[in-house]
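Everything below concerns the one structure shown next.
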Amino acid sequence: MDDKISVLYSEETINARIKEIGEQISRDYAGKSVHLVGILKGATFFTCELAKRITVPVTMDFMSVSSYGDSTESSGIVRITKDLDDPLEGKNVIVVEDIVDTGNTLSYLLDNLQKRGVDSLRLCALLNKPERREKDVVVDYTGFEIPDAFVVGYGLDYAQKYRNLPYIGIIEP
């Protein structure tokens with residue numbers, strides 16, 4: 001199967017934007033520490049690169065949530081398939097996501113995490129697709145706002161492929 005992928009954001013453009021986000025987070029949390037919660041699998045690359053560019057103390061954890069199961073259509077039922085290893089109580093938490101689309105899963109997740117006694121809770125997304133939004137989710141730190149297209153690379157996949165691409169591209173299967 002040959003999928004056509006056109007580059008939307010180059011590796012250099014992505015790295016420059018992640019550096020800017022890291023600088024903004026460092027300013028916003030000056031004198032404090034942050035706890036990054038990366039959402040598996042898509043946000044793995046972004047979470048690690050972002051952590052390297054934040055100058056305040058950083059701790060990290062990962063979790064996995066699903067509303068799709070084995071389907072390409074959301075079931076509407078959100079399941080936490082891998083929870084955090086450590087409690088969030090008293091922490092300044094930044095949820096790191098690869099892409100915010102409908103907002104349904106993130107709305108549930110942010111509500112769930114807020115109830116765990118965090119000092120603060122913010123959302124950072126590499127990509128934001130606001131025209132697909134169904135639930136009102138505020139993205140505090142956005143890498144890029146994108147049109148309604150299917151994108152791959154930099155952690156985003158199509159049938160578990162293309163996560164390793166160093167750029168973000170629009171795929172035409």
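In this text the structure is predicted, and so the values were computed from the model without any measurement.
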Just by modelled atom types, is the I99 backbone N or O under 3.5 Å from a matching donor or acceptor in the K129 side chain?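 The answer is no, because no donor-acceptor pair under 3.5 Å joins these two groups.
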
Can a donor-acceptor pair be found, under 3.5 Å and without considering hydrogens, that links the side chain of D140 to the backbone of L123?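 At least one qualifying donor-acceptor pair exists.
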
By ring pair (Phe, Tyr, Trp, His ring centres under 6.0 Å) - contacts of Y9 (at least two apart): F144

Between N164 and Y154, does any side-chain donor sit less than 3.5 Å from a side-chain acceptor?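 Their side chains do not contain a donor-acceptor pair, so the 3.5 Å distance test is not met.
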
List in chain and number order the residues that pass side chain to side chain contact (heavy atoms under 4.5 Å, CB included) with [X], two or more places apart in sequence or in another chain; answer none if no residue qualifies.
{"X": "D136", "value": "none"}
{"X": "D28", "value": "Q24, R122, Y141"}
{"X": "T44", "value": "L40"}
{"X": "E131", "value": "D148"}

Could I get the full list of side chain to side chain donor-acceptor pair (under 3.5 Å) partners for T81, not counting sequence neighbours?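 Side chain to side chain donor-acceptor pair (under 3.5 Å) list for T81, sorted by chain: S64.
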
List in chain and number order the residues that pass side chain to side chain donor-acceptor pair (under 3.5 Å) with R133, two or more places apart in sequence or in another chain; answer none if no residue qualifies.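 R133 satisfies side chain to side chain donor-acceptor pair (under 3.5 Å) with N128 once adjacent residues are dropped.
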
Would you mind listing every salt bridge (charged side-chain N to carboxylate O under 4.0 Å, His left out) that reaches into residues 15-26, with sequence neighbours excluded?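 Those involving residues 15-26 are R17-E20, K19-E23.
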
Any side chain to side chain donor-acceptor pair (under 3.5 Å) pairs touching residues 86-100, not counting sequence neighbours?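 As it turns out, the side chain to side chain donor-acceptor pair (under 3.5 Å) pairs with a partner in residues 86-100, which skip direct neighbours, are N92-S120.
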
List the residues meeting salt bridge (charged side-chain N to carboxylate O under 4.0 Å, His left out) with D111, not counting sequence neighbours, and say none if there are none. K115

Any ring-ring contact (aromatic ring centres under 6.0 Å, His included) involving residues 84-126? Give me the pairs, sequence neighbours left out, ordered by first then second residue. none

Applied to residues 16-43, the ring-ring contact (aromatic ring centres under 6.0 Å, His included) test, sequence neighbours excluded, yields none

